[in-house]
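Some notes on the structure that comes next.
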Amino acid sequence: MRKLACMLLAAAGPALAQDIVVGQSTPLTGGNAELGNDIRNGALAYFKKINDAGGLPQGKLKLVTLDDRNETKLSAENTGKLINELNVVALFGYASSTLSVPAMPAVAEHRVPFFAPFTGADTIRKQNDFVYTVRATYADEIVKIINFWGNLGSTQVTVLHYDDTVGKQNFETVATVLKKFDRQPVSVAIKRNADITEANVAEVVASNPNVLVVTTLYAPAAQMIKKLRAANRATMVTSLSFAGASQLAKALGKDATGVSVAITVPTPRSNGVPVVKECNEAWKTSGQQEAMSVTALESCIAAKVLVEGMKRAGREITRASLHKSLSALGRFDAGGYVVDFKPNFRHGGSYVGMALLKPNGEVRD
């Protein structure tokens, strides 16, 4: 484990005196690796755009990413290295609430801005004053999903969720929203990092839902959907953004037809939105061959917001000056995507849309 960390640090290279170092712990290998790599690459694309234009007045941007393999213990260890050994000015783009929470003691102790974790869970928002989110909450997404289907008369809902705090919270939120339609959802709970079993599938089938609301990562979501399709169950399926829209579409292939997702940024095809066009251009310039995913786009937009905070942080970017500037950022339009940070409210995003997955891996409005 220590050898792996040393190899990753060596690959990242030594930080130059003028570098503005941002740290990240995310799964680059193991479970959820595709999501982690997309988060990293989206930020790298935007940082490269800034650096290619000469960088910021305070220096050039450097993202150092350590692989946590989707393991909480590694996330905590990586956070300590990033803060204590690399002296990062901010932490960016942790891939979930589960991976973010282990970082919180060090974040609070060293007063490090913890920016844009890829989660809509309330758990992370309630940790401390140094957490900044740029996406809507899972509750916001669930309201959108249930109202969409409820208004179409589809109110027999089953929820696939993890058997943990966040998963149970998601189920309870669905139950709360469904009350307006005088219905109760059915719970199908699974363990994290476990495959979907035939018993799980049988639970869903027995509940006979109009709609299956999925709140897990893309791997179990894809397994469940494929098994339902194989059993000729024509249930409509909508996933929270947590699964990763592009990752879920790729995992499903031909079974993606009819599957919808909540998204917290516009789709990468929405080039009429200025920041989407900007990020698509940055993505291509960075050397990426595949089309930009929804996750990479969200990371690129988040990186732009972070950079705006850096621009306003004064002559020297420190943890303290960046925290102060982000808290005072106020309403910032990144180019068709608005965040609004205040001194006592650091959760700036509210965008929620619905998109359809396509068998070719595309995500469309």
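All values derive from a computational prediction rather than experimental measurement. Scope of the values below: all heavy atoms of this structure, side chains included, with no hydrogens, waters or symmetry mates. We count residues from 1, following the sequence as given.
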[X] side chain to [Y] side chain, donor-acceptor N/O pair below 3.5 angstrom:
X: Arg319; Y: Asn87; result: yes
X: Ser97; Y: Thr119; result: no
X: Asn200; Y: Lys227; result: no
X: Tyr46; Y: Ser286; result: no

To the nearest 0.5 angstrom, please state how far the [atom1] atom of [X] sits from the [atom2] atom of [Y].
X: Glu141; Y: Ser239; atom1: CD; atom2: OG; answer: 8.5 Å
X: Gln288; Y: Met292; atom1: CD; atom2: CE; answer: 10.5 Å
X: Asn70; Y: Arg192; atom1: CG; atom2: CZ; answer: 8.0 Å
X: Leu322; Y: Gln58; atom1: CG; atom2: CD; answer: 9.5 Å

TODO: Mind jotting down which residue pairs meet the disulfide (SG to SG under 2.5 Å) criterion with at least one end in residues 146-249? Sequence neighbours excluded, please.
DONE: none
Open item on the list: Test of understanding: with salt bridge (Lys or Arg N to Asp or Glu O under 4.0 Å), list the residues that count as partners of Asp195, not counting sequence neighbours.
Closed with: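 Once residues adjacent in sequence are excluded, Asp195 has no partner under the salt bridge (Lys or Arg N to Asp or Glu O under 4.0 Å) criterion.
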Check residues 293-305 and write down every donor-acceptor pair under 3.5 Å in which the side-chain atom is one partner and the other belongs to a residue at least two apart or another chain.
unit_1 : atom_1 : unit_2 : atom_2 : d
Ser293 : OG     : Asp38  : OD2    : 2.8
Ser293 : OG     : Thr295 : N      : 3.4
Ser293 : OG     : Ala296 : N      : 3.0
Thr295 : OG1    : Gln247 : OE1    : 3.3
Thr295 : OG1    : Gln247 : NE2    : 3.3
Glu298 : OE1    : Arg135 : NH2    : 3.0
Glu298 : OE1    : Thr264 : OG1    : 3.3
Glu298 : OE2    : Arg135 : NE     : 2.9
Glu298 : OE2    : Arg135 : NH2    : 3.4
Ser299 : OG     : Ile39  : O      : 2.5
Ser299 : OG     : Ala43  : N      : 3.2
Lys304 : NZ     : Glu278 : OE1    : 2.7
Lys304 : NZ     : Ala334 : O      : 2.7

Heavy-atom distance under 4.5 Å between the side chains of [X] and [Y], does that happen here?
X: Ser187; Y: His161; answer: yes
X: Thr137; Y: Ile142; answer: no
X: Leu91; Y: Phe115; answer: no

Does a side-chain N-to-carboxylate-O contact under 4.0 Å join [X] and [Y]?
X: Lys73; Y: Glu71; value: no
X: Arg312; Y: Glu308; value: yes
X: Asp19; Y: Lys60; value: no
X: Glu290; Y: Lys284; value: no

Open item on the list: Surrounding NZ of Lys226 (heavy atoms of other residues, nucleotides or ligands, distance under 6.0 Å), is the total greater than 12?
Closed with: yes
Open item on the list: Please confirm whether the ring centroid of Tyr94 lies under 6.0 Å from the ring centroid of Phe114.
Closed with: yes
Task: Phe130 and His323 aromatic centres sub-6.0 Å - done: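 Yes - the distance between ring centres of Phe130 and His323 falls below the 6.0 Å cut-off.
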Task: Row check, Phe341 ring normal vs Arg346 NZ/CZ: under 6.0 Å, within 45° - done: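 That pair does not qualify as a cation-pi contact.
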Task: Audit row: Val259, Arg229, side-chain contact (heavy atoms from CB on, under 4.5 Å) steps and yes/no - done: CA-CA 11 Å; Val259 177; Arg229 296 283 194 266; 3.4 Å; yes
TODO: Assess whether side-chain contact (heavy atoms from CB on, under 4.5 Å) is satisfied between Val265 and Tyr337, documenting all intermediate values.
DONE: CA-CA 8 Å; Val265 294; Tyr337 187 92; 3.8 Å; yes
